[in-house]
Amino acid sequence: MKFEDFLSPAQEQEIADAIESAETGTTGEIRIHIERKCPDDPLHRAISLFDELKMYETKHKNGVLIYISIDDHKLAIYGDEGIHSIVGDEFWNDDIAIMVSEFKKGRYSDGIKEVVKRVGEKLAEHFPYEGGANPDELENTISFGDGK
Ligand code: CA
């Protein structure tokens with residue numbers, strides 16, 4: 001699948017906007033990485049990307065990476081220890097189930113935006129923004145692999 005068939009440029013922008021909006025109420029950070037192939041276990045790949053993208057560089061250890069392989073139909077979500085120790089696997093599994101269900105209907109952008117909103121709400125619950133500086137510690141634009 002071409003990246004453009006998965007998300008149009010307008011949808012990419014909508015997702016970056018959804019991340020920006022989700023992050024306004026929290027010190028947490030959300031990123032998305034999309035690539036074509038994932039020969040490995042997607043969670044292992046997500047953990048490796050989390051490191052590569054320096055997503056551990058948040059003050060409260062509350063970065064969350066949503067990982068999608070569009071050709072191999074694999075998904076994973078990896079949250080840093082601050083948020084993962086609170087929500088556990090169950091929360092991420094529900095997010096993955098939402099994306100799988102929406103992706104099956106071809107609703108890629110909607111599925112991603114729904115999960116971004118849901119993760120943002122959970123981050124806001126446990127890591128609320130309480131005034132003062134709230135730097136955007138990690139970029140909101142989608143990170144693409146496989147040469148895009
Ligand atoms: Ca951000």
Side-chain angles (χ1 to χ4, degrees), residues 2-38 40-70 74-103 107-148:
K2 289 181 188 164
F3 286 116
E4 295 73 23
D5 295 334
F6 186 71
L7 293 177
S8 69
Q11 287 171 327
E12 273 180 47
Q13 185 55 51
E14 279 175 30
I15 289 168
D17 292 345
I19 292 176
E20 186 182 349
S21 162
E23 289 179 355
T24 54
T26 176
T27 60
E29 293 284 334
I30 301 170
R31 280 210 79 169
I32 297 172
H33 184 91
I34 301 173
E35 60 190 0
R36 290 208 178 83
K37 304 281 182 191
C38 179
D40 305 318
D41 175 78
L43 185 58
H44 288 168
R45 178 67 181 140
I47 291 168
S48 150
L49 283 161
F50 194 90
D51 196 56
E52 231 172 88
L53 296 167
K54 296 185 165 42
M55 287 191 60
Y56 47 79
E57 289 184 352
T58 58
K59 190 178 169 194
H60 300 284
K61 298 289 166 212
N62 52 8
V64 175
L65 175 63
I66 298 169
Y67 171 76
I68 301 163
S69 154
I70 58 177
K74 291 181 184 176
L75 293 168
I77 304 186
Y78 181 73
D80 207 345
E81 56 192 60
I83 181 70
H84 181 70
S85 64
I86 295 167
V87 302
D89 289 329
E90 198 183 331
F91 181 72
W92 311 126
N93 289 340
D94 289 347
D95 290 318
I96 288 171
I98 289 167
M99 281 192 285
V100 168
S101 161
E102 292 293 301
F103 287 9
R107 294 159 51 97
Y108 307 118
S109 176
D110 288 339
I112 294 169
K113 282 190 288 185
E114 188 175 340
V115 166
V116 164
K117 185 166 179 281
R118 193 168 179 273
V119 171
E121 285 167 358
K122 188 58 86 173
L123 284 167
E125 187 183 328
H126 298 288
F127 297 94
Y129 167 61
E130 288 167 332
N134 187 15
D136 187 29
E137 296 171 299
L138 305 172
E139 258 189 71
N140 300 338
T141 48
I142 299 172
S143 144
F144 287 97
D146 295 331
K148 191 192 176 200

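Counting starts at 1 for both ligands and their atoms, following the listed order.
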*Asks:* Suppose the cut-off is 3.0 Å; which protein N/O/S atoms would you list for the Ca ion (ligand 1)?
*Replies:*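 Only E23 OE1, E23 OE2, E29 OE1, D136 OD1, L138 O, N140 OD1 fall inside 3.0 Å of the Ca ion (ligand 1).
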
*Asks:* Give the minimum heavy-atom separation between P128 and H126, together with the two atoms involved.
*Replies:*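 Here P128 and H126 meet closest at CD-C, 3.4 Å.
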
*Asks:* Give me the ring orientation class for Y78 and F50: parallel if the planes are under 30° apart, tilted from 30 to 60°, perpendicular past 60°.
*Replies:*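 Answer is perpendicular, since the angle exceeds 60°.
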
*Asks:* Would you call the rings of F103 and F6 parallel, tilted or perpendicular if under 30° counts as parallel and over 60° as perpendicular?
*Replies:*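 Geometry flag for F6 against F103: perpendicular rings.
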
*Asks:* Would you compute the distance between atom CD1 of I98 and atom CG of L75 and round it to the nearest 0.5 angstrom?
*Replies:*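 Reported to 0.5 Å precision, the distance equals 12.0 Å.
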
*Asks:* When you look at E35 and Y67, which way does the side-chain hydrogen bond (donor to acceptor under 3.5 Å, both in side chains) test go after all the steps?
*Replies:* CA-CA 8 Å; E35 60 190 0; Y67 171 76; 2.5 Å; yes

*Asks:* I'd like to know if E114 pairs up with R107 as an ion pair, taking the criterion as any Lys NZ or Arg NE/NH1/NH2 lying under 4.0 Å from an Asp or Glu carboxylate oxygen.
*Replies:*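 Answer for the salt bridge query: no.
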
